[in-house]
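Along the sequence shown, residues carry numbers from 1. Atoms within each ligand, like the ligands themselves, are counted from 1 in listed order. Computation of the quantities below employed the complete heavy-atom set of this structure, encompassing side-chain atoms and omitting hydrogens, waters and symmetry-equivalent molecules.
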Amino acid sequence: MTDIERVHHRTCHLCEAMCGVVLRLRGREVLSVRGDDADPFSRGHVCPKVVGLKDVLDDPDRLREPLRRTAQGWQTVSWESAFDEASERLVALQRRHGKDAVATYYGNPQVHSYGAFLGGIEFARALGSRNRYSATSVDQLPHHFAALAMFGHQFLLPIPDLDRTDFLLIIGGNPVVSNGSLMTAPDVVRRLKALRARGGRLVVIDPRRTETAQLADTHCFIRPGSDALLLLSMLQVIFAEGLARPGRLESMLTGLDAVRTACAPYTPTRVAEATGIDALTIATLARTFAASPTAVCHGRMGASTQEFGALVQWLVQVLNIVTGNFDRAGGAMFTRPAFDLVAMSKSPGQRGSHARRRTRVSSLPEFGGEFPVAALAEEIDTEGEGRIRALVTVAGNPVLSTPNGRRLEAALPQLDFMVSIDFYLNETTRHANLILPPTYGPERDHYDVIFNALAIRNTAKYSAAAFPRTATARHDHEIFSGLCRGLARHDPSRRKRGLAALTERWLTPRRALALGVRFGPHGAGWNPFARGLTLARLADQPHGVDLGPLEPALPGRLLTRDRRIALAPPELLGDLARLETRIDPGTVEPPQTLRLIGRRDPRTNNSWLHNSTRLVKGPRRCTLRMSAADAAARALIDGQSVTVRSRTGAVTVALEVSDELMPGVVSLPHGWGHDRDGMRLRVASAHAGASINDLTDERYIDALCGNAALNGVPVTVTNATDQARM
Ligand SMILES: Nc1nc2c(c(=O)[nH]1)N[C@H]1C(S)=C(S)[C@@H](COP(=O)(O)OP(=O)(O)OC[C@H]3O[C@@H](n4cnc5c(=O)[nH]c(N)nc54)[C@H](O)[C@@H]3O)O[C@H]1N2
Ligand SMILES: Nc1nc2c(c(=O)[nH]1)N[C@H]1C(S)=C(S)[C@@H](COP(=O)(O)OP(=O)(O)OC[C@H]3O[C@@H](n4cnc5c(=O)[nH]c(N)nc54)[C@H](O)[C@@H]3O)O[C@H]1N2
Ligand code: SF4
Ligand SMILES: [Mo]
């Protein structure tokens, strides 16, 4: 049996693009991975990272059994004793200090596995702590914030209709490298080229001339953090010149006049200096956007993880709406996914919430039941009633991925107990008392409950596991249920009885998925003879099914109380006062200050693919890029070692002089810094790099929603060898 070669089709789970892949297998071995030409959505496309499907699977450093930290080092333990110890300790700490004494942090890959996603919801419920954190608040929280305020649900995220638009304005996104975000679009390069081939235009606003900017018709440098000013001023031009034409949307809006009034002071001349974009360019951009037959503005990471992220994501949609480019082909549209999370979470409590409570130390607002992760370290290391005593991390590496990682790193040993669900002993999990390693991608079945909902076409695909998990391995959801069972064992008050207990046992993630698909908008429903989707029918279509382009969905899809789009939510209008301080010439910085921004590389995936030799080999990637003018002003030369300093720390890296960078801005990729003590990732340690989040600042946030401002951090850069003299 093991000699026989098989072919297996699935979806790559590594990023948001959902590429179809073909694995050639022999037994449990993956012989090769390539793109699936028959996948109607990705049409054979894959990126270099796809080898991560095989390399992580085969990685000798990948954990395969639970580990327990002892005075003598790491010891393997059985699953049952790991579940028992973890739940006993968690229950004991919660009894003593209250349920909130145990915090959770869910990282990015959790949303790339439906089992981890659905199981994670169950576990959080069983734990009952309000101290919940996730990668959302170092990523797309401003999108959820704007969606809740404008459309009435945190997950009603408008997606750019990439394949049909005539004008794509990208603010702070680099899809050519990231493969698209909040815009699931496999083979995005081909789609961007197709846009230009059909006479459309691509405009990129970014402080770096990125790989995407290089494909664009126009690229404008912008000073980090000033995008809200740019958008306000584009809107000012559009209103002042009578170019606002919301069309059929007009009857579905509230607040049009309030927005017009709010934008009025932001003339292009007034914001030109603060944004670094001249007034004529701003006015022309506004006019061309408004005049285009269809157009769509898409703001992503760089526009989100900055001081005014929520304002930006709001104004992006205001721009789309007032120009009539919303809920219509070629504009920003809502998806209608086969597993429709929005339809399933319509109760007021599930739609999202803001500032129902605040963090203990810095009073940061809750959003959607979570606190901003920028507050995690101080909630652990600040003494007093309500301190976090224990932490459960899932699929995350917050020491490298959240602002001021050094502070979090120092805080973790102060915990009484820590559990990590992860198959790597990484910069974060090495502080855990117990590490519970789940199965990896191809070992489990797959359906994208999140990314199908963010895709530029409605699609659905279910992939079986490439091979069954081994008897000693556990899926994420099995780990969660092992922990839930343990919590109930050690605390009988959490035990479910009767129907609730039966439902809990019966409703596995797979059954929840199957029900969601069957009763979703494309589902077969109760009738076994009806056409329409079921999980079983999807399983028979290993390349996935195309459910067509995005379709207008308004006003039906809106979940605001008055069923209208709130164009001028008071909390966002109110935040303009904070922005106003940024155009004030009184806030000029010392001339040596530079603004630090992030960067992604085609061969990395946040912090966790650096243990693949194939992916990390080649030229050094963790370099500080700086414009020639800034380098000359500091007498720095290409290739030399430089020290970058911020309020929170310093790192030393190689300098790369590059004409890509706007003068005054430097860029360092995130996810590196694998030189921490006690690391076991052999390949990654040899390519350690430095962590940008040793420089980012937990106090530098978007004060409205609490998202970390990872971009635009003030830093200084000096010759590393000068250090001794300073
Ligand atoms: N290869 C690779 N692909 C990935 C990932 C990865 O690590 N590697 N990570 C995945 C994840 S988790 C995500 S969320 C997505 C993110 O996908 P993208 O949003 O496309 O992310 P980035 O490539 O970081 O692009 C952000 C851009 O914003 C710019 N920027 C920084 N500050 C500002 C600013 O103030 N204003 C403006 N206008 N621009 C600014 C940066 O220069 C950068 O080009 O990528 C995903 N895909
Ligand atoms: N300065 C700066 N910081 C950033 C960013 C930036 O652009 N600049 N980007 C931010 C963004 S967009 C994101 S999403 C975050 C990501 O930050 P995090 O989500 O905190 O971390 P990752 O680096 O994605 O690490 C994921 C971990 O999950 C594990 N893992 C992988 N698959 C699975 C699985 O199926 N189950 C389990 N249990 N574990 C798994 C991996 O081994 C790895 O340890 O980083 C953020 N941090
Ligand atoms: S683009 Fe994303 S989904 Fe496609 S192969 Fe690369 S990592 Fe996988
Ligand atoms: Mo992300």
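The number of protein N, O or S atoms lying under 2.8 Å from atom 4 (Fe) of ligand 3 is 1.
Of the options Asp139, Thr136, Asn707, a side chain to side chain contact (heavy atoms under 4.5 Å, CB included) to His144 is made by Thr136 and by none of the others.
Within the structure, every pair that satisfies the salt bridge (Lys or Arg N to Asp or Glu O under 4.0 Å) test and touches residues 432-446, not counting sequence neighbours, is listed here: Arg28-Glu443, Arg62-Glu443, Arg444-Asp476, Asp445-Arg510.
Annotation: ring-ring contact (aromatic ring centres under 6.0 Å, His included) contacts of His112 (sequence neighbours excluded): Phe451.
Side-chain N/O atoms of Arg300 and His298 include no donor and acceptor closer than 3.5 Å. Between the side chains of Thr212 and Asn174, at least one donor N or O lies within less than 3.5 Å of an accepting N or O. For the residue pair Arg469 / Thr439, no side-chain donor-acceptor distance below 3.5 Å is found, with atom types taken as modelled.
To the nearest 0.5 Å, atoms CG (Asn397) and CG (Asn426) are separated by 3.5 Å.
When heavy-atom distances to ligand 2 are checked against 4.0 Å, the residues falling inside are Tyr105, Gly107, Asn108, Pro109, Ala135, Val138, Asp139, Met301, Ala395, Gly396, Asn397, Pro398, Ser401, Ile421, Asp422, Phe423, Tyr424, Asn426, Pro438, Arg444, Asp476, Arg600, Asn606, Ser607, Trp608, His670, Ile692, Asn693, Leu710, ordered by chain and number.
Asp55 has a carboxylate O that lies under 4.0 Å from a charged side-chain N of Arg614, or vice versa, which qualifies the two as a salt bridge. Between Arg625 and Glu656 there is a salt bridge, with a side-chain nitrogen of the basic residue lying less than 4.0 Å from a carboxylate oxygen of the acidic one.
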